[in-house]
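Each chain gets a letter, A, B and so on, in the order the sequences are listed, and its residues count up from 1.
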2 protein chains.
Amino acid sequence: MNAREPRDAAGPGRVRPGGRTARVRDAVRGATLAELAEHGYRGLTVEGVAARSGVHKTTVYRRWGDADGLVADALEIASTEPWPIPDTGTLDGDLRALARLVRDGFADPREGPVSRAFVLAAGQSDAAAHALHRFFARRHEQSAVVVERAVARGDVPPGTDAAEVVRIAVAPLYYRLFVTGEPPDEAAADRAAAAACAAARAGALVP
Amino acid sequence: MNAREPRDAAGPGRVRPGGRTARVRDAVRGATLAELAEHGYRGLTVEGVAARSGVHKTTVYRRWGDADGLVADALEIASTEPWPIPDTGTLDGDLRALARLVRDGFADPREGPVSRAFVLAAGQSDAAAHALHRFFARRHEQSAVVVERAVARGDVPPGTDAAEVVRIAVAPLYYRLFVTGEPPDEAAADRAAAAACAAARAGALVP
DNA sequence: AGACTAACGCAACTTTTGTTGTGTTAGATT
DNA sequence: AATCTAACACAACAAAAGTTGCGTTAGTCT
């Protein structure tokens, strides 16, 4: 076999990280985000990104494969930047701030279409799905601290599944956005957070 | 204006409901479901459905528009058939049965890909999104009775938002399926149901 | 029974999307 | 600074997706 990987098709050029390759990569990534913000996921095409970035379309096809590859790559970047974990002093306050962060992100005219595209792309390509999986694994990990603090305060029973609390706090928002088509308002975010908090307090999330 | 609707592009031919038109419609609908079950949403093409149904592709394009139109139409059918609302005697039992019903549906090799396609299609076309919206509005309506019974029993405070209880019970499953890529098992369904029940009991869902 | 016409089938065409072969460019290596 | 080669640009091509015009078929109406 003699395993050898002369190039990795998707994402950053590891073999030749400097100069032109990096410039092309950044141009394409920037164009991808811009196109997503303007036309949404459904309006994202390889040719559109190629034209906007000034990079030839064959180059984009070779390195990223298709439109979903572009999104998966953009998602990889997004997953590196952390988000502001709230610390309000109460679990309810923290979860509410978290839920509002999610809701506001999707409601934002600029950020919304991009975030939306990440989820939609995951439904289309395995690469995007894996990237999104890693993205959320990281977020759940980062968010766990709000539950740990609540345990330390004696607000919720020890052994409470932190990731599950966060899931229940944000899941109704995604459910409304991507399944039922009921765009969530602030009140919806607050209710979801309150429900997760109540469930955790009642000890329903101790496996 | 003189509003007149000579034909409705998507779905049942209302103008000429008998004979050939109906035969074509049923053949296409059947082929759509079969193709979805076999190849999933991503493998669904207009030409594939046309070939399988024996209907010419031009006809499919004209009546259904595109692949998402086919899914939207199939969804319209699915939303008419009711589902078995459980009655176990307790809110926790009812919600658990409901959540398991959802989970098992997606886990089923035949049913799963079709249900999955319904959600994915909603992310792609407005017609499918609206159809799915109606589908879930109906389901939430039908499911409300389990909460009403719990109120009557004195299990949860009066004024509890029934639809919201159901949303919280099933949302984590959809969240795992379509967002984080963590396929839910039975335990996940039970936890989600338990959390919704605990939140309702605590009075967190009384607006 | 005959006339009417919505809906369908068919073939040819256009557009969009994706691929392949080849020469060129510009970081990297010594 | 001379050499090497991964990565890119370009053009020409191939395949899939979608459209259009027109003749035909089969329910429907009188």
Report the C-alpha distance between B/Glu47 and B/Thr45 in whole Å, list the side-chain angles of each, state the deciding distance to 0.1 Å, and finish with yes or no for side chain to side chain donor-acceptor pair (under 3.5 Å).
-> CA-CA 5 Å; B/Glu47 318 227 355; B/Thr45 64; over 6 Å; no
Step-by-step side chain to side chain contact (heavy atoms under 4.5 Å, CB included) determination, B/Leu91 to B/Val156 = CA-CA 9 Å; B/Leu91 178 61; B/Val156 300; 3.6 Å; yes
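A donor and an acceptor atom sit less than 3.5 Å apart, one in the side chain of B/Arg62 and one in the base of C/dG9.
At the phosphate of C/dG9, OP1 or OP2 sits under 4.0 Å from a side-chain N or O atom of B/Thr59. For A/Arg23 and D/dC8, the shortest distance from a side-chain N or O to OP1 or OP2 is not below 4.0 Å.
The aromatic rings of A/His140 and B/Tyr175 sit tilted relative to each other, their planes meeting at an angle between 30° and 60°. By the 30° and 60° cut-offs, the orientation of the rings of B/Phe135 relative to B/Phe118 is tilted.
Toward the 5' end of DNA chain C, the nearer of the two residues B/Val55 and A/Tyr61, judged by each one's closest nucleotide, is B/Val55.
When distances run from any side-chain atom of B/Lys57 to the nucleotides C/dA11, C/dG27, D/dT19, the shortest one goes to D/dT19. For A/Thr58, counting side-chain heavy atoms from C-beta on, the closest listed nucleotide (C/dT20, C/dT17, C/dC10) is C/dT20. Closest to the B/Glu47 side chain, of the nucleotides D/dC10, C/dG9, D/dG18, is D/dG18. Closest to the side chain of A/Val46, out of C/dG18, D/dT20, C/dA7, is C/dG18.
Going from atom CG of B/Asp66 over to atom P of D/dA16 covers 19 Å, rounded to whole Å.
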